[in-house]
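These notes are about the structure you will find just below.
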Amino acid sequence: MLEVFLKGHDKYYGVSDVLRMFCGVPEERKEEGKVVAPDGPDIRLVNELFEDGRSVTRTDDREYEFKGELLEPGREIKRSLYMALSDITSKKMPWGCLTGIRPTLVALEEESSRALEERYFVRPDKADLAFRTSREEIRLLSKVPEDSLSIYVGIPFCPSRCEYCSFVSSDISCHMDRLKNYEAALEREIELIASSINRPLAALYVGGGTPTVLDEKEFASLLDCLYSNLKILPDSEVTVEAGRPDTITAGKLEVMRAHGITRICINPQTMRTETLISVGRKHTSEDTVNVYRQACDMGFDLINMDLIAGLPYETPEEHVRSTEKLIELAPANITVHTLYKKRRAAMSREKVMDHGSTGRGLDDCVAESYRLLEEAGYHPYYMYRQKDTGHGLENTGFAKGDTGSIYNVAMMSDCRDVLSFGAGGMSKRCFAQEGEPYKHRVERCPTIKDALTYIERVEEMAEKKIAFFEG
Ligand code: SF4
């Protein structure tokens, strides 16, 4: 068991973040002043922060300290701990000692990708990715007025449950009855709040779950409600996450066209049908291709397709083959996610980490996917990381030309306000801070997660959000 004793600080969270990258799930034992990693090597470390801002991590016979310009204390303790663990385990992480969900935020503070390599030990390919993506995020964000609002509408229902999912999403095969009442409650909430909004709309995103589980009539009714209550301009970005090909019909695509939806997501996750079936999805890769072609024929020219690298039941090379197949289809956006262990997901951490015993590693195959995408004319436009990725990778959205999603960038930046309708949504207000152009102070207003309780208490949820945005 690896033990890290904290001295001169109480940044247990930061210590845990670094330990998690090397040794699995850590345990904070604050009463003993330490964080332990049961799966780590038998060694005892002291992670100390001095008053002058230096941090040293010590074993019984070695000391690790970065000699150079100091970072702020929270980052400095991680840096010395990373140096120690990297040396002890002989492992280097793709993102070095960066553990946050937005490496692009750190990249914005730096003048070059080289600075990320030297100050945070980020691998050159990831440093270059973060640096370029951060500049593209800022370019897209500059299109979104400071006082604008992005809107999220959540439909937490799906046609079946994916094994890796941790969203609060109900399987409609068991809860069909709830869906109708939920849709009615959602319309009620939109009507109650809409009249109090008098701000330009940056982007609207209808997500889930899977919004297209609604039947054609319900789906049209929801879009009618949105378009009649919100000031959606003809050039506003409006996305519908028609995520699961098994829920998309010509009729629903028609409804979207008629309302002027500009962007849809059709998410294959993998183009290998056996994997889809194994993770609990009820569609084939042929279904994905058919729906995609149908949408193109109907005039949708801004389609995003998501892939997940690292799915169990397939090898990392099969992920690369899925990327190649999507590149052949040539949607405007392709987003490459990396599977990570989600807290409420049925899939175990062991399964998340199991990529087969032969062939190339996941890291290598994700890099190959990125290379193929860039070769085909896509560029990265937004990215983020998640907590327990296990393999230390990231999620990256790629776009052709100027097709990057404003909503994705505004949402991830924490620099623009978001109003969320529906169960489980998180509304947020972002306040600029002096001297911090990219880091806003964020206040959040959660909505109750359970769909049934949301239906019962929708008026109360609406009042709470109106007060939140007026405050
Ligand atoms: S489609 Fe998405 S939200 Fe629905 S179960 Fe699968 S991962 Fe979860």
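Remember, it's 1-based here, ligands and their atoms both numbered in the order they're listed.
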Would a line drawn from the ring center of Y82 to the ring center of F22 be shorter than 6.0 Å?
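Centroid separation for Y82 and F22: below 6.0 Å.
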
What I'd like to find out is whether the side chain of Y120 reaches to under 4.5 Å of the side chain of W95, using heavy atoms alone.
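In short, these two side chains do not touch, never coming nearer than 4.5 Å.
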
Residue selection (non-hydrogen contact nearest atom 1 (S) of ligand 1) among R161, E241, R244
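Closest candidate by heavy-atom distance is R244.
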
In Å, rounded to the nearest 0.5 Å, how long is the span from OG of S369 to CD of E374?
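It comes to 11.5 Å.
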
Ligand-side contact atoms (ligand 1) for residue partner [X], heavy atom cut-off under 4.0 Å:
X: Y164; result: 7 (S)
X: C165; result: 3 (S), 5 (S), 7 (S), 8 (Fe)
X: G209; result: 3 (S)

Using non-hydrogen atoms of the residue, decide whether S160 is closer than 4.0 angstrom to ligand 1.
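Judged by the 4.0 Å heavy-atom criterion, S160 does count as contacting ligand 1.
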
Is the cationic atom of R257 (NZ for Lys, CZ for Arg) positioned less than 6.0 Å from the six-membered ring centroid of F300 and within 45 degrees of its normal?
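Flagged: R257 positioned over aromatic ring of F300.
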
NZ/NE/NH1/NH2 to OD/OE distance under 4.0 Å, R429 and D414
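The answer is no: the pair does not qualify as a salt bridge.
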
Counting backbone and side-chain atoms alike, does C158 have an N/O/S atom under 2.8 Å from atom 4 (Fe) of ligand 1?
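Yes, C158 qualifies, because one of its backbone or side-chain N, O or S atoms lies under 2.8 Å.
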
